[in-house]
Amino acid sequence: MLHKFCLFFSTFLLGAGLASAGLAQTPSATPQPTIEVTASRIADTVDSSLADVSVITRTQIDASGAPDLIDLLRLQAGVDVTRSGGAGTQTSVFMRGTNANHVLVLIDGVRVASSNTGAFAWENLPLDAIQRVEIVRGPRASYWGSDAIGGVIQIFTRKLDGAHIAASYGSYRSADGSVGFGAQSELAGFSLLVGARHVGGFSASNPAAGEYVYNPDDNGLQNHNFVASGDYKLGTQMLSATVFRSAGTQSFDNGDPGIGISHTLDQSIGTVLQGQLGANWQQKFSLGTAREDLDTPAFQSAYYSTRKQASWSNDFALSTMQHLIAGVDYVHDRGRSIDDSGFGAPYAQVRNNSGVFAGWKARDGALDSELSGRYDDNSAFGNAFSGSAAVGWNLNDGLRLSANYGTAFRAPTLNELYSPGYGGYYAGNPDLDAEHSRTAELGLDWNSGSTNRFGVHAFATRIRDLIDFTGGSTFQAINVEHAVINGAELTDSWHSETWSMDNTLTLQNPRNRDTDSPLLRRPKQKFTSLIERTLGDRSRVGLELVASGQRKDLADYTLPGYALINLRASFVASPSWNVTFRLENLFDRTYELTHGYNTPGRSGYVEVTWQPVADR
């Protein structure tokens with residue numbers, strides 16, 4: 001029934017948006033094109049990029065009143081999320097039906113996924129520290145290397161221009177706050193933001209999780225975070241640095257009361273020198289480091305990983321219609337585990353990866369084209385070549401047909417390569433090969449200007465040599481599985497002076513080709529809608545709808561589909577004060593993202609922000 005509802009409702013809303021084009025009033029100011037830098041590592045507008053790109057802006061974050069980024073990501077086409085409980089519990093993000101570790105995650109250009117596990121701790125990312133998020137769907141390995149099979153999500157930390165104070169409170173004893181100050185000019189700038197989040201929470205699990213997991217106590221979160229940045233202009237070059245640090249304590253259920261605690265630290269530091277070297281030459285040289293610590297006393301174990309990286313990318317304007325992009329990357333990973341239980345065993349390993357890449361972008365009349373390729377040499381598994389090709393045909397000023405083809409890979413994690421396992425079981429395998437993929441995509445996008453946008457993108461992905469712990473009687477890591485993912489994404493956006501409506505429909509079929517079974521926790525259908533209305537100059541109200549189809553989980557359990565409605569409102573109390581209200585799960589629906597783990601019921605949040613009017 002849910003897929004019929006999704007199809008009917010999406011058809012209605014998409015049709016309504018298109019039919020309303022003639023009735024919409026022209027906004028008083030023409031919005032400037034949104035700039036993104038993630039798709040091809042150079043600045044480009046979203047409309048002109050041949051990749052499927054969307055951007056979550058700070059304005060959208062402020063209007064949402066959301067407690068964390070997951071509430072915003074789940075509204076995006078092709079993005080699915082799972083969580084094993086409430087705030088602070090393990091969170092995974094899937095893109096276009098691929099695995100969670102098939103999404104490359106960057107913070108200010110620095111790779112931040114754990115070298116040990118390959119996962120990024122989304123649950124430790126403070127929303128108030130984010131300036132914008134760029135989402136690129138489809139393989140981007142020809143520019144970024146490993147992990148970008150399903151796509152890339154790049155998070156840019158916040159840069160304040162003036163004072164800032166924010167405080168919020170909500171259900172499950174959720175309290176957030178941040179304070180910061182910054183100043184920006186053409187010559188130099190700096191920004192500093194300090195924040196904290198404490199959540200009392202609810203029981204992460206329910207009896208279906210089993211007696212060795214379930215515990216009815218509340219599972220909460222304590223997080224303290226810090227974001228800083230600085231810029232200084234040196235002639236034609238701009239020298240900048242960013243620091244992101246998030247430290248937290250999370251509670252989880254493991255069958256015994258009071259001992260399910262993890263201490264985490266996520267940190268990234270980046271330095272960039274970029275600017276013009278010649279009339280037609282822009283360069284960007286960056287150094288970065290990332291760190292993730294995970295200490296779980298209940299299991300007498302800990303994981304520590306660090307990454308150091310350097311890159312140099314260049315943009316050569318061959319003409320007004322042609323650009324050549326070229327560069328080199330170097331990454332040094334170090335990971336170690338500590339196990340005092342006697343059941344596992346510690347390990348300490350390093351690996352290096354060097355890559356060289358190049359891309360060519362050209363426009364000739366109504367045709368846009370792009371070719372790119374990359375060669376990686378990894379000390380752990382050997383080498384890999386990734387390539388992509390794209391072409392766009394502008395049928396008229398607002399209608400474009402595009403085609404993309406790309407290959408990608410994911411390097412085995414240090415755990416998959418070197419972990420001794422648990423009592424000899426589920427051990428790593430140093431002979432693993434990288435996972436490889438190929439993806440083809442067709443897209444049609446229509447843009448009437450500032451009022452209407454419509455897009456449909458169909459894709460087919462094939463992944464081979466998937467890593468699975470099924471080798472022999474001890475379940476060692478081996479390259480064995482293959483995946484087939486076919487899908488389509490429809491997006492529609494309609495805006496007038498007082499109303500706006502943004503809809504997405506994702507249809508996909510992620511399957512294990514060897515067993516012909518669905519890939520876990522990824523729905524075949526997902527529909528989202530955001531409808532907003534401005535009330536005068538001071539207020540804005542909105543409704544969010546998220547509807548997801550059923551999904552397979554472990555032990556062949558089927559998670560039922562669900563539909564949620566969230567309400568939000570913002571009010572400008574004065575030029576310096578803003579109040580945002582959010583009501584989630586309006587009808588208090590009971591649903592699961594992971595079998596045996598609870599999700600929030602009806603819950604509300606209020607946030608108050610102060611920022612001097614001169615700084616807005």
Query raised in the report: Using 4.0 Å as the upper bound for N to carboxylate O, is an ion pair formed by E532 and R568?
Result: yes

Report task. Would you mind checking if R291 and D293 are paired as a salt bridge, meaning a charged N to carboxylate O distance below 4.0 Å? Result -> yes

Query raised in the report: So, D68 side chain and I70 main chain: donor-acceptor pair closer than 3.5 Å or not?
Result: yes

Query - Short side-chain donor-acceptor distance under 3.5 Å, E544 and N566 - result: yes

Query raised in the report: Taking atom CD1 of I153 and atom CG of L104, what is their separation to the nearest 0.5 Å?
Result: 9.5 Å

**Report entry** Side chain S229, main chain F190, donor-acceptor under 3.5 Å
**Finding:** no

**Report entry** W144 side-chain N/O to T38 backbone N/O, donor-acceptor pair under 3.5 Å
**Finding:** yes

Query raised in the report: Which salt bridge (charged side-chain N to carboxylate O under 4.0 Å, His left out) pairs, counting each pair once, include a residue from residues 110-125, with sequence neighbours left out?
Result: R111-D147

Requested in this report: Answer whether the closest heavy-atom distance between the side chains of D176 and S174 falls below 4.5 Å.
Outcome: yes

Report task. Flag the pair D218 and R173 as a salt bridge only when some basic side-chain nitrogen lies within less than 4.0 angstrom of an acidic carboxylate oxygen. Result -> yes

**Report entry** Residue among D333, N116, L294 satisfying side chain to side chain contact (heavy atoms under 4.5 Å, CB included) with S305
**Finding:** N116

Report summary line: To the nearest 0.5 Å, atom CG of D253 lies from atom OG of S205 at 3.5 Å

**Report entry** Residues forming a side-chain hydrogen bond (donor to acceptor under 3.5 Å, both in side chains) with R58, sequence neighbours excluded
**Finding:** D62, D128

**Report entry** Approximate separation, where rounding is to 0.5 Å, of E592 CD and R521 CZ
**Finding:** 10.5 Å

Query raised in the report: Y605 ring centre to R582 NZ or CZ under 6.0 Å, with the angle to the axis within 45°?
Result: no

